[in-house]
Amino acid sequence: MSHVCDILPVIGRSRDLFVEDIKRAEPKLSSLVGASSFLVIGGAGSIGQAVTKEIFKRNPKRLHVVDISENNLVELVRDIRSSFGYIKGDFQVLPLDCGGQEFDAFLQSQEN
């Protein structure tokens, strides 16, 4: 059984930061993201997942997510698919160590 907690009182806030700013800038933000390519390193961690989801929901041209944990990447994809569905752009998750030869080869294979 999970308990959903409203975190704002816990951290001493009455409202989310940046909500109004994001709403006001959403058309431009979505346009910029939609025309851009992204590589998220450490994308299956807590901050990486949040970043990946924010980018994904704005339909990027390309979004590649790298993390050393294949299991966490699978969970990320499941969560994204159940929450947001699919995008027209190129979405890939890659279980790679960003310090390894495979990651270097991946980077060299990418278009600019």
Side-chain angles (χ1 to χ4, degrees):
M1 174 161 86
S2 75
H3 298 280
V4 177
C5 176
D6 183 6
I7 192 70
L8 293 177
V10 174
I11 59 175
R13 295 187 187 144
S14 59
R15 60 187 176 87
D16 289 335
L17 294 177
F18 308 116
V19 171
E20 292 86 13
D21 295 325
I22 292 171
K23 283 181 184 177
R24 187 173 42 256
E26 187 62 43
K28 185 174 183 178
L29 184 59
S30 290
S31 176
L32 287 170
V33 170
S36 300
S37 297
F38 297 88
L39 171 62
V40 180
I41 299 172
S46 57
I47 294 171
Q49 284 188 26
V51 169
T52 297
K53 290 174 186 178
E54 286 299 316
I55 295 169
F56 186 92
K57 71 183 184 183
R58 291 179 175 89
N59 200 26
K61 182 171 78 173
R62 179 171 40 187
L63 174 56
H64 293 171
V65 183
V66 173
D67 198 282
I68 196 167
S69 174
E70 186 173 5
N71 289 335
N72 290 348
L73 285 172
V74 169
E75 291 301 319
L76 172 64
V77 171
R78 285 182 185 157
D79 187 26
I80 284 174
R81 295 290 188 230
S82 67
S83 300
F84 305 111
Y86 294 80
I87 59 173
K88 294 177 186 174
D90 176 21
F91 175 59
Q92 295 181 38
V93 295
L94 304 135
L96 298 172
D97 178 356
C98 66
Q101 293 175 335
E102 295 84 0
F103 182 73
D104 292 339
F106 165 72
L107 287 179
Q108 290 175 3
S109 73
Q110 298 302 296
E111 300 172 7
N112 291 329

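The cluster map of Ile, Leu, Val, Met, Phe, Trp and Tyr, joined by side-chain heavy atoms under 4.5 Å apart, puts F106 and I68 in different clusters. Under the 4.5 Å side-chain heavy-atom criterion for grouping Ile, Leu, Val, Met, Phe, Trp and Tyr, F56 is connected to L73 within one hydrophobic cluster. Linking Ile, Leu, Val, Met, Phe, Trp and Tyr whenever their side-chain heavy atoms come within less than 4.5 Å puts V65 and V51 in one cluster. A single hydrophobic cluster is seen to contain both F38 and I47, as judged by linkage of ILVMFWY side chains at heavy-atom distances under 4.5 Å, directly or through other members. Under the 4.5 Å side-chain heavy-atom criterion for ILVMFWY residues, a single connected hydrophobic cluster contains both I87 and I55.
More than 12 heavy atoms of other residues, nucleotides or ligands sit less than 6.0 Å from atom CG of L17. Sparse packing is recorded around CD of E70, with 12 or fewer heavy atoms of other residues, nucleotides or ligands lying under 6.0 Å away.
For the pair I7 and R13, the minimum side-chain heavy-atom distance is 4.5 Å or more. Counting heavy atoms from C-beta on, the side chains of L39 and L107 come closer than 4.5 Å. The shortest side-chain heavy-atom distance between T52 and Q49 does not fall under the 4.5 Å cut-off.
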K53 and L76: side-chain contact (heavy atoms from CB on, under 4.5 Å), yes or no, with the steps? CA-CA 9 Å; K53 290 174 186 178; L76 172 64; 4.2 Å; yes
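K23 contributes atom NZ, which lies 15.0 Å from atom CZ of F18 (distance to the nearest 0.5 angstrom). Taken to the nearest 0.5 Å, the CG atom of L96 stands 10.0 Å off from the CG atom of D104. E102 contributes atom CD, which lies 8.0 Å from atom CG of D97 (distance to the nearest 0.5 angstrom).
The shortest non-hydrogen separation linking E26 to S30 is OE2-OG, 2.6 Å. The two residues H64 and D90 come nearest to each other via the heavy atoms NE2-OD2, 2.9 Å. When all heavy atoms of L63 and P60 are compared, the closest pair comes out as CB-CG, 3.8 Å. Among all heavy-atom pairs drawn from N59 and G89, the shortest one is OD1-N, 4.0 Å. Here the closest heavy-atom approach between residue I22 and residue R58 is recorded as CG2-NH2, 3.7 Å.
S83 places no side-chain N or O within 3.5 Å of a backbone atom of I80 that could act as its donor or acceptor partner.
With salt bridges taken as basic N to acidic carboxylate O contacts below 4.0 Å, one links R78 and E75.
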